[in-house]
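These notes are about the structure you will find just below.
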Amino acid sequence: MNRYDSTKSEAKWLKIWQKAELYKTPDKPNSKLYNLVMFPYPSGNLHLGHWYNFAPADTLARFSRMHGKDILEPFGFDSFGLPAENAAIKRGLMADEWIDQNIGDMTQQIQKLGAMYDWDKVLKTSDPKYYKWTQWIFLQLFNADKAYQQKGLVNWCPNDKTVLANEQVIKGECDRCGAKVERKNLEQWYFRITDYADRLLDDLNSLQWPKRIKEMQRNWIGRSEGALVNFAIDGHSDKLDVYTTRLDTLFGVTFMVIAPEHPLVDVITTSDHSVEVNKYITDAGAKTDIDRMEAHDKSGVFSGAYVVNPATHEQVPVWVSDYVLMGYGTGAIMAVPAHDERDYEFATKYGLEIRQVIGGGDTQDSAHLLTGELMNSGEFNSLTSEQAKTKITKWLKLQGLAQPRVQYRLRDWLISRQRYWGTPIPIIHCKDCGAVAVPEKDLPVILPLKQEFGKDGRSPLLDHPDFNNVACPKCGGDAHRETDTMDTFVDSSWYFLRYPNPHYTDGPFDPVAVKQWLPVDRYIGGAEHAVLHLLYSRFITKFLFDQGRLEFNEPFINLINQGMILGPDGNKMNKSKGNVINPDDYVGQYGADAVRLYLMFMGPYDEGGHWDPKRFEGTHRFINRVWELILGPYQSDNEDPIIEAELSARLHKTIKKVTEDTQSTRFNTAISALMKFVNYAGPLKLDARLSLAQWQITTTTLAKLLAPFTPFLAEEIWEQLGNSQSVHLQTWPQYDPSLIQDDLTTIVIQINGKLKAEFVINTQDAHSKPKLEAMAREQMGEKLSSLEIVKTIAVPGKLVNFVSR
RNA sequence: GGGCGGGUGGUGGAACUGGUAUACACGACGGACUUAAAAUCCGUUGCCUUUCGGCUUGCGGGUUCAAGUCCCGCCCCGCCCACCA
């Protein structure tokens, strides 16, 4: 017998499967299951991380298929975005050529995995047939007043030369290139995702998602309940509004702080302070966000203005400081140094009063942050913080000085980008009519493919007269197109709706096919999209639901997060560290099945791990051992029903374990159960005591159990066993509970909880405590008589514990 | 600072509702086969101890007949968020 030749076998089955259309999506699913992975960016080469996402996802799809599910398992490319544009600038190529080349290369690579992807359903977001509908969705938002243009402070990446959404700024740095993000005052396009904040928050409860992802979204949405309070500014008609969640500390307000960008700064600053204040504002404006964060020391200047504390009627000074953020709340705060760390630090530095109004702690060395009983608060003294919050809000409300308010950290989604390679925003700017939607019949607004980049990567769209100069759709007058393109996260916020029928031309998605397949039953991908793609997709789905276009308002019912796959040195794979593993090297030598199996065997799927080439050998050996076991020489001349029964019991236990573990994505233990069984069956087979019938049941069952984990190997074995129909069309084996019952049970004997001995008993007797105790006493014999036994505990089916003094 | 995970042999990791800790795999060591090596196969492998035996799930307490698992207090690591009022 030859050894298993993965290269030959995998190439052979890829051809046969394709020809037989084995993985074609059923047209009319009875019991549907939409099994989806997050589509990749076509960067040019497939990464081991992609495999770690795709391979186990495909195993789950195969597993479900064998359970009778009709599967939709599509694949595609998120093909707009900066790398293509940068490659085009650098190499003088066309962006779309670069993309198509990469898609070709990656498709070849990904096909080797042998996943059940239906290649008739491939889509790419940079295809005009696709982005036509991204534009169409934009227009629906625009018409519903959920897309709008506004001038304001935005995050600007000086390296990528574009604005970024808040979600794309990580610790003050550009998510993509790591450059320090600057603040600019620009007119940009936004989607009103904040209108959906409550629903995005509440509906998380209904989703079967990992806890940590839900928590991340909750934190990102950042709902808080408090009140808006109006402070009268001394000598002005304007009020200074602040947002607070601690109205119970109102009597402790000893100063106010407003952000340098606050519009009232100019109004209230007194002439004797204007020089200082202006200088401070200029300095703050020059700082990047990250500079501001790194300046541990708080700084600020007094504006010269005072407001009146409505509780104490005292005048409190207004300071200007950049520790107050313009983007959250009202851009101004009431400072309570006794009970807020930041205010405490500021007050200490500038010698401002610290007045304690909550008991149960002191404010000698630091702020007292806990809630408690009020003090120094007039008629509200001795109320608890909770009671006081309600009462003080009510009291101020009666005077027209406060309203309860819910505040979110989530901001509207900034979707315009000053880049070329993206979906054009379908808007025409007319000097008379303003921003006008491109009529639906004129979609798509085609992105010109012939590009000449200007100096410094200036977008070709800006210098493209044919694209730029158009007639206003409303008045016919001279107008120009919007030259910004959309954030690529808009492209990916709805792609899963198009997969069921990506060739549909009458709308973004085929309503019939969507009804058949959506929502996504199982979505598998990395945690890096927790507040990006996953939040945006939920928002777009809810919007389309509200528009009556969808019958569900959550796109992904069940989310599975894989962990991160690291290099052999335990670090994140990185070209500069030289620890990048190219899956092709291993696939070529050992086969796709071996790589797939190792990735799943390595450890818990949600924890990831590092690629260890040595350990990888183990799964490769296992594949060879399976081949040898099933197809190696077999003979039987001494059949033994007892041995056969034992084999049968082991087999059914293995079915149970593999089934349950795979269902709950514990692939590593499922595979270890398979290994254990193969280790057990190997020597047994050579014993020659198994009938051919029994052995055939074993081998066919094992081939089926292996099918989702090693699809090529299982198919090859299946054929060698004489079957003509694919193993992947077989039904998953069922275990027989009666066969799993053992006749004998091992009972452990403990003395004071420590293992001393064990004995074997008939299973039906193992549940009788007296019998267990008697057997244990007999077994221990004299050893017990020397001890003073004060208590005996018998646990049915488990153990007997003698407690001695 | 906040949130969420973790801490088990030389290594990756098993252990169901408290009930035989270290499954499975890697590595290491010994052996078989071979002129030799690779591959393969067999055996040993938590630690201490010559034996008897004792000890062991980050540390310290507690509950229990029995704790990796439950409770209290600490230490350490990873990820995410972070001047959010």
Side-chain angles (χ1 to χ4, degrees), chain A residues 3 170-172 210-220 222-224 226 242-247 249 257 259 289 292-296 298 321-325 327-336 339-343 345-346 369 407-411 527-528 530-531 563-564 570 598 601-604 606-619 621-622 624-625 628 657 660 666 668-679 682-683 746-758 789-804:
Chain A
R3 291 193 56 187
I170 310 293
K171 297 187 184 188
K211 215 164 79 182
R212 63 181 171 139
I213 302 291
K214 287 192 189 183
E215 262 330 293
M216 279 189 219
Q217 291 212 353
R218 286 191 186 110
N219 285 341
W220 191 260
R223 184 188 152 103
S224 79
V242 303
Y243 172 73
T244 181
T245 53
R246 290 296 304 271
L247 212 45
T249 62
V257 187
D289 275 1
R292 281 190 177 195
M293 282 178 219
E294 279 167 357
H296 296 297
K298 296 198 186 341
S321 171
D322 64 5
Y323 85 86
V324 171
L325 309 173
Y328 184 76
T330 63
I333 60 155
M334 56 177 228
V336 186
H339 305 290
D340 182 281
E341 271 178 316
R342 297 149 301 183
D343 300 346
E345 188 192 329
F346 195 80
L369 303 175
Q407 180 74 36
Y408 302 91
R409 290 166 66 180
L410 181 71
R411 322 279 167 79
E528 67 274 18
V531 291
M564 203 191 301
Y598 174 61
F601 178 63
M602 217 168 54
D606 57 353
E607 283 173 28
H610 63 266
W611 176 266
D612 185 338
K614 278 185 182 164
R615 236 174 255 130
F616 168 76
E617 282 291 339
T619 48
R621 273 178 214 156
F622 170 71
N624 289 327
R625 269 208 301 273
E628 169 65 32
K657 176 86 177 146
E660 290 173 355
R666 294 195 304 256
N668 53 333
T669 49
I671 293 165
S672 100
L674 288 165
M675 288 174 164
K676 227 166 151 175
F677 182 77
V678 169
N679 290 346
T746 301
I747 300 293
V748 165
I749 304 174
Q750 297 178 335
I751 293 176
N752 291 335
K754 293 204 169 152
L755 176 69
K756 293 292 169 188
E758 59 182 45
I789 304 299
V790 287
K791 199 172 175 184
T792 306
I793 293 177
V795 181
K798 292 257 183 312
L799 54 79
V800 178
N801 188 14
F802 294 107
V803 185
S804 85

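As the structure is a prediction and not an experimental result, all values here were calculated from the model. So that the names make sense, note that chain A is the first sequence line, chain B the second, and so on, each numbered from 1.
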Using a 4.0 Å heavy-atom cut-off across all strands, classify [X] as base, sugar-phosphate, or nothing.
X        : answer
A:Asn624 : nothing
A:Phe601 : base
A:Arg223 : nothing
A:Arg212 : sugar-phosphate
A:Val748 : base
A:Asn801 : base
A:Pro210 : nothing

Task: Given RNA chain B, 5'-ward residue of the pair A:Gly618 and A:Arg411, judged by closest heavy atom - done: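 Its nearest nucleotide lies further toward 5', so the answer is A:Gly618.
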
TODO: Could you pick out which residue, A:Trp220 or A:Lys756, lies toward the 5' side of RNA chain B when each is mapped onto its nearest nucleotide?
DONE: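 So the residue in question is A:Lys756.
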
Task: N-glycosidic conformation, B:G9 - syn within 90 degrees of 0, else anti - done: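 Judged by the O4'-C1' to base torsion, B:G9 sits in syn, the angle falling within 90° of 0.
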
d([atom1], [X]; [atom2], [N]) in whole Å:
X        : N     : atom1 : atom2 : result
A:Arg218 : B:C80 : CZ    : C1'   : 15 Å
A:Gln750 : B:C65 : CD    : P     : 14 Å
A:Leu755 : B:A15 : CG    : C1'   : 16 Å
A:Arg3   : B:C41 : CZ    : P     : 9 Å
A:Phe622 : B:C26 : CZ    : P     : 11 Å
A:Met602 : B:U11 : CE    : C1'   : 14 Å
A:His610 : B:G27 : NE2   : P     : 14 Å
A:Leu799 : B:C65 : CG    : P     : 14 Å

Task: Cation-pi check, A:Lys298 onto A:Phe346 ring (under 6.0 Å, within 45° of axis) - done: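 No - A:Lys298 does not lie over the ring of A:Phe346 by the 6.0 Å and 45° rule.
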
At less than 4.0 Å, is any side-chain N or O atom of [X] found next to OP1 or OP2 of [N]? Yes or no.
X        : N     : result
A:Asn219 : B:G2  : no
A:Lys614 : B:U11 : no
A:Arg621 : B:C26 : yes
A:Lys657 : B:A23 : no

Among [options], which nucleotide sits nearest the side chain of [X]?
X        : options             : result
A:Asn668 : B:C65, B:A14, B:G19 : B:A14
A:Lys211 : B:G5, B:G19, B:A85  : B:G5
A:Ile333 : B:A85, B:U20, B:A15 : B:A85

Return yes if some donor-acceptor pair links the side-chain N/O of [X] with the main-chain N/O of [Y] below 3.5 Å, else return no.
X        : Y        : value
A:Gln750 : A:Val800 : no
A:Asn668 : A:Met602 : no
A:Asp606 : A:Gly563 : no
A:Arg246 : A:Thr244 : no

Task: Presence of salt bridge, A:Arg218 and A:Glu215, under 4.0 angstrom - done: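 Judged by the 4.0 Å cut-off on N to carboxylate O distance, A:Glu215 and A:Arg218 do form a salt bridge.
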
- [ ] Mind telling me whether A:Phe616 and A:Trp611 have parallel, tilted or perpendicular rings, with 30° and 60° as the class edges?
- [x]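 Rings of A:Trp611 and A:Phe616: tilted, 30 to 60°.
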
Look through every strand shown and name the nucleotide pairing with [N] as Watson-Crick or G-U wobble, where both distances are under 3.5 Å.
N     : answer
B:A37 : none
B:G5  : B:C77
B:C24 : B:G12
B:G30 : B:C42

Open item on the list: Quick check: any donor-acceptor pair below 3.5 Å linking the side-chain of A:Arg615 to the base of B:U11?
Closed with: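 Present.
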
Task: Partner residues of A:Glu607 under the side chain to side chain contact (heavy atoms under 4.5 Å, CB included) criterion, sequence neighbours left out - done: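 Expected list: A:Pro604.
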
- [ ] Scan residues 670-679 of chain A against RNA chain B and write down, sorted by residue number, each residue with any heavy atom closer than 4.0 Å; if none is found, say none.
- [x]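 Contacting residues: A:Ser672, A:Met675, A:Lys676, A:Asn679.
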
Euclidean distance for [atom1], [N] against [M] (whole angstrom):
N     : M     : atom1 : value
B:G18 : B:C65 : C1'   : 12 Å
B:C74 : B:C29 : P     : 46 Å
B:C16 : B:G68 : P     : 13 Å
B:A21 : B:G13 : C1'   : 13 Å
B:U49 : B:A38 : P     : 33 Å
B:U22 : B:G10 : P     : 16 Å
B:C42 : B:G5  : P     : 42 Å
B:U8  : B:A23 : P     : 16 Å

Open item on the list: Pair A:Ser224, A:Tyr243 - check side chain to side chain donor-acceptor pair (under 3.5 Å), show working.
Closed with: CA-CA 10 Å; A:Ser224 79; A:Tyr243 172 73; 2.7 Å; yes

Open item on the list: A side-chain contact here means heavy atoms from C-beta on lying under 4.5 Å apart; do A:Ile333 and A:Tyr328 qualify?
Closed with: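 When only atoms from C-beta onward are counted, A:Tyr328 and A:Ile333 do not touch, as no gap falls below 4.5 Å.
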
Open item on the list: If you define the side chain from C-beta out and look only at heavy atoms, does anything of A:Met675 sit under 4.5 Å from A:Thr619?
Closed with: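 Side-chain contact under 4.5 Å: yes.
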
